[in-house]
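Atom set for the values below is all heavy atoms of this structure, side chains included, hydrogens, waters and symmetry mates excluded.
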Amino acid sequence: MLLIPALFIEVLVQLPLIEVLDVAAFGVGKGGVKFIVHWLDVAVYPVLMQIVCLDALEVAHEMDKAFFRTKWEYVHGMSLEKFGGSAKVKHLQGALEPMRRILEEQPFLGGSTPNFADLAVAGHFAWARAVSPIQLLEQNDPIFKWRAQMFDKFRRVVEPTVGFQQSLKAAK
């Protein structure tokens, strides 16, 4: 599930992926990397996917739409219209609570500067922005400020992506 953020990181630092994943360079050990990957895979990505799945289907290549719809509906046992949508944003807020608490104390997950955790989570937000206009965060949320800082810091990677600029605005 960390494929898109890993590719985001690869482009970000313009190194082969094997070099990018040298955890020592990211200021976290293997345990920290595993925690972030598992937290994203178990708590964040499933909810994020649920929120943006209809929009992701809308922007998918025409040849892929039937496959994705059939696969996702089979996996989830219901239509995508029942499964997904912006009503699930409140579930994302709960999944992001550990991150929110850290960002209330420091500017980045990595402390005073971004580390692997920041890049991995930012990759998920960049992906969501690329496929959906749904507002994910309130403006007073520490994660909103963090996301703005991450996207600003890595603007040359984030801005060229096809995306929905309004998704960077606060949730209403």
task: Determine, step by step, whether Glu58 and Val131 satisfy the side chain to side chain contact (heavy atoms under 4.5 Å, CB included) criterion, reporting the C-alpha distance in whole Å, the side-chain angles of both residues, the deciding distance to 0.1 Å, and the verdict.
output: CA-CA 8 Å; Glu58 184 66 30; Val131 300; over 6 Å; no

Looking only at heavy atoms, what is the nearest atom pair of [X] and [Y], with distance?
X: Ala122; Y: Phe151; value: O-CE1, 3.9 Å
X: Trp39; Y: Pro98; value: NE1-CG, 4.3 Å
X: Ser79; Y: Glu73; value: CA-OE2, 3.4 Å
X: Leu57; Y: Trp72; value: CB-CZ3, 4.2 Å
X: Gln106; Y: Gly111; value: NE2-N, 3.3 Å
X: Ala120; Y: Ile36; value: CB-CG2, 3.9 Å

Using side-chain heavy atoms (C-beta onward) and a distance below 4.5 Å, is [X] in contact with [Y]?
X: Ile51; Y: Ser132; answer: no
X: Lys65; Y: His61; answer: no
X: Leu109; Y: Phe116; answer: no

Can you measure from [atom1] ([X]) to [atom2] ([Y]) and round to the nearest 0.5 angstrom?
X: Leu40; Y: His124; atom1: CG; atom2: NE2; answer: 4.5 Å
X: Asn115; Y: Phe108; atom1: CG; atom2: CZ; answer: 10.5 Å
X: Leu96; Y: Ile143; atom1: CG; atom2: CD1; answer: 4.5 Å

ILVMFWY cluster, Met99 and Val42 together (side-chain gap under 4.5 Å): no

message: Assess whether a salt bridge exists between Glu104 and Lys145, defined as any Lys/Arg side-chain N lying under 4.0 Å from an Asp/Glu carboxylate O.
response: no

task: Evaluate ring-ring contact (aromatic ring centres under 6.0 Å, His included) for Tyr45 paired with Trp127, printing each intermediate quantity in order.
output: CA-CA 10 Å; Tyr45 178 79; Trp127 169 74; 5.7 Å; yes

field: Polar contact flag, side-chain donor to acceptor under 3.5 angstrom, Trp146-Asp118
entry: yes

Name every donor-acceptor pair, under 3.5 Å, that has one atom in a side chain of residues 82-95 and the other anywhere in the protein, sequence neighbours excluded.
from  : atom 1 : to     : atom 2 : distance (Å)
Gln93 : OE1    : Arg100 : NH2    : 2.7
Gln93 : NE2    : Leu136 : O      : 2.7

message: Glu97 vs Arg101, test: salt bridge (Lys or Arg N to Asp or Glu O under 4.0 Å). Steps then yes/no.
response: CA-CA 6 Å; Glu97 187 58 30; Arg101 290 183 182 190; 3.2 Å; yes

message: Is it the case that the side chain of Thr70 and the backbone of Ala66 share a donor-acceptor pair, with hydrogens and angles ignored and the cut-off at 3.5 Å?
response: yes

- request: Indicate yes or no for a side-chain donor-acceptor contact from Glu138 to the backbone of Asn140 under 3.5 Å, with no hydrogens or angles considered.
  value: no

